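Proteins come first, then strands; the chains are lettered A, B, ... in the order of their sequence lines, and each starts at number 1. Remember, predicted model here, so these are calculated numbers, not experimental data.
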There are 2 protein chains.
Amino acid sequence: MKKITIGEAARRSGVKVPTVRYYESIGLLAAPSRSEGNQRSFEPADISRLTFIRHARELGFEIEAIRTLLTLQDDPHQSCASADAIAKARLVEVEQRIRSLMALKAELETMVEGCGHGRVDQCRVIEVLADHGQCTHSHH
Amino acid sequence: MKKITIGEAARRSGVKVPTVRYYESIGLLAAPSRSEGNQRSFEPADISRLTFIRHARELGFEIEAIRTLLTLQDDPHQSCASADAIAKARLVEVEQRIRSLMALKAELETMVEGCGHGRVDQCRVIEVLADHGQCTHSHH
DNA sequence: CTTGCACCTCTAGTCGCTAGAGGATGTAGG
DNA sequence: CCTACATCCTCTAGCGACTAGAGGTGCAAG
């Protein structure tokens with residue numbers, strides 16, 4: 001059997017080398033076997049697991065949520081209600097974040113458009129920050 | 001002159017008490033004078049500065065960007081080109097973040113809609129995470 | 001055999017706060 | 001004046017999810 005080094009595992013999964021070690025240290029990834037010279041030797045299943053983690057992180061799931069998703073994956077006879085709930089909760093978070101960022105975008109556009117590119121004392125950017133009451137938008 | 005305690009300053013600016021002390025510790029806010037009993041005594045100008053910082057933080061500006069914006073505010077004869085550049089950079093960031101989150105939203109919706117609420121081994125949530133190639137969207 | 005890269009462990013740093021310990025001060029009521 | 005209680009003080013440590021660096025070992029090619 002070919003030995004998969006940590007560098008190889010990192011390349012195949014898209015997770016950085018120190019991050020792989022970090023995931024092992026927090027128990028998200030089982031400690032792999034070691035070579036004679038004490039170097040980690042990964043299995044193909046570890047690559048899948050790392051890839052799973054990377055995708056979930058890219059989707060913004062927190063480590064603890066991923067831990068739960070992984071235990072679900074490890075036991076496929078369970079109901080997927082938990083996985084569904086986690087994904088739905090994340091969807092709600094993302095939707096809220098988008099709404100909030102759209103408001104920020106509008107506010108930043110007002111600031112930038114209003115800037116006459118002159119001196120600071122006429123600058124709308126500074127002005128809006130100093131007195132939020134002048135801002136046409138409200139996001140609280 | 002009435003003395004403004006840290007609690008009062010916090011209430012008026014909307015910045016929490018420990019955060020006010022934190023801003024002082026990193027030099028974002030000048031250290032205020034102290035009462036006989038060593039308690040901080042703020043000026044109205046400090047409240048304005050804290051309010052400015054809070055607005056900027058709400059808009060997602062980083063502390064170092066705020067530090068720059070504050071030095072610009074302190075010297076109103078400067079060109080506002082820097083302020084303009086900072087705000088524009090922030091706008092670009094926000095726009096990118098929104099695009100990225102919209103892609104995530106679509107992906108999460110696919111996952112959640114595809115979930116048959118059955119067992120984990122038929123769950124689309126887990127499936128998509130395990131093999132990103134099955135995902136209809138791409139965001140890289 | 002030596003060069004040089006990849007690997008090892010460990011600690012500390014990042015950002016922007018937040019929590020808590022343990023003690024001092026200020027104020028209102030009795 | 002005394003007591004209760006809120007608020008203040010400093011200091012250290014913790015959060016999440018890594019990232020950087022020091023100082024050392026393993027390994028494969030030339």
Side-chain angles (χ1 to χ4, degrees), chain A residues 2-29 31-42 46-47 49-70 86 89-90 93 97 100 104, chain B residues 2-29 31-42 46-47 49-70 86 89-90 93 97:
Chain A
K2 60 258 165 208
K3 53 197 165 184
I4 305 174
T5 66
I6 196 167
E8 181 72 8
R11 232 173 310 114
R12 289 204 214 165
S13 66
V15 176
K16 288 185 206 151
V17 169
T19 308
V20 174
R21 284 197 277 254
Y22 170 69
Y23 288 159
E24 182 189 325
S25 81
I26 62 168
L28 209 57
L29 189 70
S33 57
R34 299 291 184 120
S35 74
E36 281 207 11
N38 196 33
Q39 303 202 348
R40 288 171 182 81
S41 181
F42 293 91
D46 296 321
I47 311 298
R49 200 172 173 93
L50 282 169
T51 306
F52 185 105
I53 296 170
R54 181 173 62 79
H55 291 161
R57 287 294 301 135
E58 282 171 3
L59 288 169
F61 289 97
E62 291 175 3
I63 294 288
E64 287 316 301
I66 296 172
R67 206 186 287 278
T68 305
L69 290 170
L70 282 167
I86 290 172
R90 178 67 194 139
E93 274 173 35
R97 191 89 187 102
S100 154
L104 292 194
Chain B
K2 61 248 163 221
K3 53 196 163 185
I4 305 175
T5 66
I6 195 167
E8 182 72 9
R11 232 172 308 115
R12 289 204 214 164
S13 65
V15 176
K16 289 188 205 148
V17 168
T19 307
V20 174
R21 285 196 277 252
Y22 170 69
Y23 287 159
E24 182 188 326
S25 80
I26 61 168
L28 210 56
L29 188 70
S33 57
R34 299 288 184 124
S35 75
E36 282 208 8
N38 196 35
Q39 302 201 349
R40 286 170 182 82
S41 182
F42 292 90
D46 297 320
I47 311 298
R49 200 170 174 95
L50 282 169
T51 305
F52 184 105
I53 296 170
R54 182 173 62 78
H55 291 160
R57 287 294 299 137
E58 283 170 2
L59 288 170
F61 289 97
E62 291 175 4
I63 294 288
E64 287 316 302
I66 295 173
R67 205 186 288 278
T68 304
L69 289 171
L70 282 167
I86 290 172
R90 177 69 193 139
E93 275 172 35
R97 191 91 186 101

**Message:** Roughly what angle, to 10°, lies between the helix axis at the start of the helix from C:dC1-D:dG30 to C:dG30-D:dC1 and the one at its end, five pairs per end?
**Reply:** 10°
**Message:** With heavy atoms of chain A within less than 4.0 Å as the criterion, where does contact along DNA chain C begin and end?
**Reply:** C:dC7 to C:dT9
**Contact list for DNA chain C against residues 16-25 of chain B - heavy-atom distance below 4.0 Å** = B:Lys16, B:Thr19, B:Tyr22, B:Tyr23
**Prompt:** With A:Glu93, which residues qualify under side chain to side chain contact (heavy atoms under 4.5 Å, CB included), at least two apart?
**Reply:** A:Arg90
**Item:** Heavy-atom pair of closest approach, residues B:Ile4 and B:Glu8
**Value:** CG2-CG, 3.7 Å
**Sidechain-backbone polar pair: A:Arg12 side chain, A:Thr51 backbone, donor-acceptor under 3.5 Å** = no
**Asked** Listed by chain and number, what are the salt bridge (charged side-chain N to carboxylate O under 4.0 Å, His left out) partners of A:Arg57, not counting sequence neighbours?
**Response** none
Would you be so kind as to tabulate the donor-acceptor pairs closer than 3.5 Å made by side chains of residues 15-27 of chain B, with sequence neighbours excluded?
{"from": "B:Glu24", "atom 1": "OE1", "to": "B:Arg40", "atom 2": "NE", "distance (Å)": "2.7"}
{"from": "B:Ser25", "atom 1": "OG", "to": "B:Tyr22", "atom 2": "O", "distance (Å)": "2.7"}

**Request:** Look up atom NE2 in A:His55 and atom CD1 in A:Ile66, then write down how far apart they are to the nearest 0.5 Å.
**Result:** 11.5 Å
**Asked** Which pair of heavy atoms, one from A:Leu50 and one from A:Ala9, lies closest together, and at what distance?
**Response** CD1-CB, 4.4 Å
**Message:** When you measure from the side chain of A:Arg49 to the backbone of A:Leu29, do you find a donor-acceptor pair of N or O atoms at a distance under 3.5 Å?
**Reply:** no
**Prompt:** Can you tell me how far P of D:dA17 sits from CG of A:Leu29, to the nearest Å?
**Reply:** 16 Å
**Message:** I need the minimum non-hydrogen distance between A:Lys3 and A:Ser41, along with the two atoms involved.
**Reply:** CB-OG, 3.6 Å
**Between D:dG16 (P) and A:Ile53 (CD1): distance, integer Å** = 17 Å
Close N/O contacts between protein and nucleotides 23-30 of chain D (under 3.5 Å):
none

**Asked** Among all residues two or more places apart in sequence or in another chain, which pass the salt bridge (charged side-chain N to carboxylate O under 4.0 Å, His left out) test with A:Arg97?
**Response** none
**Message:** With nearest nucleotide decided by heavy atoms, which residue, B:Glu64 or A:Gly7, maps closer to the 5′ end of DNA chain C?
**Reply:** A:Gly7
**Asked** Can you name the residues that form a salt bridge (charged side-chain N to carboxylate O under 4.0 Å, His left out) with A:Glu64, not counting sequence neighbours?
**Response** A:Arg67
